[in-house]
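Quick caveat, the model's predicted, so the values are computed rather than measured.
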Protein chains: 2
Amino acid sequence: MIHSNSSKPDQNHLAVDVVHVLIKTNHYFNREFEKRLSSLEMPITLSGSRLRVLTMVGKMGEIRMSQLAEKLGVQAGTVTDLVDALQRDKLISRVPDPKDRRAMLLKLTEKAEKHLEPIHVIQSELAEKMLKRFSPEQRYQLIHLLEGMMDNLNLD
Amino acid sequence: MIHSNSSKPDQNHLAVDVVHVLIKTNHYFNREFEKRLSSLEMPITLSGSRLRVLTMVGKMGEIRMSQLAEKLGVQAGTVTDLVDALQRDKLISRVPDPKDRRAMLLKLTEKAEKHLEPIHVIQSELAEKMLKRFSPEQRYQLIHLLEGMMDNLNLD
DNA sequence: TATTGTTATACTCTATAACTATA
DNA sequence: TATAGTTATAGAGTATAACAATA
């Protein structure tokens with residue numbers, strides 16, 4: 001058999017290009033998002049990681065430390081630190097799980113819900129700007145293509 | 001009462017969804033890429049940031065610290081630190097710019113070129129896996145849509 | 001005066017590993 | 001013994017701001 005690696009050079013090159021554009025687009029979004037966030041002059045500044053924690057906890061409603069670590073793809077100790085910081089800012093509550101005395105359950109506080117509102121507005125506005133003049137079909141198409149990429153990652 | 005925010009709820013919601021899928025796809029790629037990189041057992045481990053520096057310097061051939069900072073979207077001091085580390089590992093060389101005695105010119109060393117090879121192979125393989133069964137048309141489409149998002153960011 | 005790069009300081013994110021309490 | 005979470009330690013990445021040398 002011939003080199004599997006160089007049998008389709010053009011196609012391969014194109015694949016790398018797609019990934020590079022993906023990374024770049026993500027980077028552009030992040031940079032602009034962080035810029036808008038910091039210009040919001042909020043009493044508490046949320047980094048990307050902390051925001052991801054809050055969003056995940058909000059989505060799950062109630063979640064254990066270990067589950068959260070798994071969902072975020074980080075270590076248990078990292079979650080402990082992040083939650084410590086968020087709890088200090090009264091954005092998250094940590095209560096013992098009545099069913100397992102080793103475990104802790106995390107929940108958003110009301111303060112967090114209020115805090116997240118303007119952030120979600122910014123996110124939404126920025127998303128809309130980046131997708132200006134994209135038809136609904138194009139938006140679905142983009143979602144579909146990206147989801148296809150993730151699906152491929154979970155194959156064999 | 002009607003929220004000014006919900007005038008175009010479906011479309012707006014879709015825009016945020018697109019961005020979320022984008023971020024998630026990027027995250028999936030990064031996680032898998034870092035995993036494969038670390039399993040490569042290389043003598044020097046390159047973080048995402050250092051890799052981005054090397055890739056950019058490689059692409060430009062020769063570049064100033066200040067240009068590099070601008071390209072990467074980070075502060076000058078950050079670049080100094082990154083380059084310090086890469087120079088310590090003999091992956092980058094720093095020579096004074098003969099035309100401007102304040103400036104430094106960065107270049108990859110031969111060691112870096114050799115070092116980057118297997119990394120590019122991994123990147124290419126992973127990209128190809130994620131785009132398996134995507135037709136060339138779909139690949140171009142994806143690139144086109146993502147570039148459209150970046151273009152929109154630079155408007156008004 | 002403005003620009004190039006460095007240094008100093010501080011904070012966030014992250015991993016690894018050792019540890020405690022509970023299952 | 002295994003699991004849930006914490007603590008300790010260390011290192012990378014980043015920003016801000018003050019600084020020196022040169023333009």
Rounded to whole Å, how long is the line connecting atom [atom1] of [X] with atom [atom2] of [N]?
X	N	atom1	atom2	result
A/E70	C/dA15	CD	C1'	17 Å
B/Q87	C/dG5	CD	C1'	13 Å
B/D89	D/dG11	CG	C1'	14 Å
A/K99	C/dA21	NZ	C1'	20 Å
A/Q75	D/dG11	CD	P	18 Å
A/L82	C/dC11	CG	C1'	13 Å
B/L68	C/dT4	CG	P	13 Å
B/L86	D/dA12	CG	P	11 Å

Assess whether a salt bridge exists between [X] and [Y], defined as any Lys/Arg side-chain N lying under 4.0 Å from an Asp/Glu carboxylate O.
X	Y	answer
A/R94	A/D84	yes
B/E128	B/R133	no
B/E125	B/K129	no
A/K99	A/D97	no

Helical stems, DNA chain C - three or more consecutive Watson-Crick or G-U wobble pairs below 3.5 Å: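 Consecutive-pair runs (3 or more) involving DNA chain C: C:1-23 with D:1-23.
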Value rounded to 0.5 Å, distance of NE2 in B/H115 from CG in B/L86: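 Those atoms lie 9.5 Å apart.
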Interatomic spacing from CZ in A/F29 to CE in A/M130 - rounded to 0.5 Å: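 It is 7.0 Å, given to the nearest 0.5 Å.
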Shortest non-hydrogen contact from B/A112 toward B/L91: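 Closest heavy-atom pair between B/A112 and B/L91: CB-O, 3.1 Å.
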Nucleotide nearest A/R101 when distance is taken to its side chain, options C/dA15, C/dT22, D/dT22: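 Looking only at side-chain atoms, A/R101 lies closest to C/dT22.
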Trace of the side chain to side chain contact (heavy atoms under 4.5 Å, CB included) decision for B/F134 with A/N152: CA-CA 10 Å; B/F134 276 50; A/N152 280 339; 3.7 Å; yes
Sequence-distant partners of A/K71, side-chain contact (heavy atoms from CB on, under 4.5 Å), two or more places apart: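 For A/K71, the residues satisfying side-chain contact (heavy atoms from CB on, under 4.5 Å) (neighbours in sequence not counted) are A/M56, A/M60, A/I63.
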So which protein nitrogen or oxygen atoms get under 3.5 Å of nucleotides 2-7 of chain D's nitrogens or oxygens?
| from | atom 1 | to | atom 2 | distance (Å) |
| --- | --- | --- | --- | --- |
| D/dT3 | O4' | A/R102 | NH1 | 3.4 |
| D/dT3 | O2 | A/R102 | NH1 | 2.6 |
| D/dG5 | OP1 | A/M65 | N | 3.4 |
| D/dG5 | OP1 | A/M104 | N | 2.8 |
| D/dG5 | OP1 | A/M104 | O | 3.2 |
| D/dG5 | OP2 | A/S66 | N | 2.5 |
| D/dG5 | OP2 | A/S66 | OG | 2.7 |
| D/dT6 | OP1 | A/R94 | NE | 3.3 |
| D/dT6 | OP1 | A/R94 | NH2 | 3.3 |
| D/dT6 | OP2 | A/T80 | OG1 | 3.0 |
| D/dT6 | OP2 | A/R94 | NH2 | 3.3 |

D/dA12 phosphate, OP1 or OP2, under 4.0 Å from B/S49 side-chain N/O: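 Result: no.
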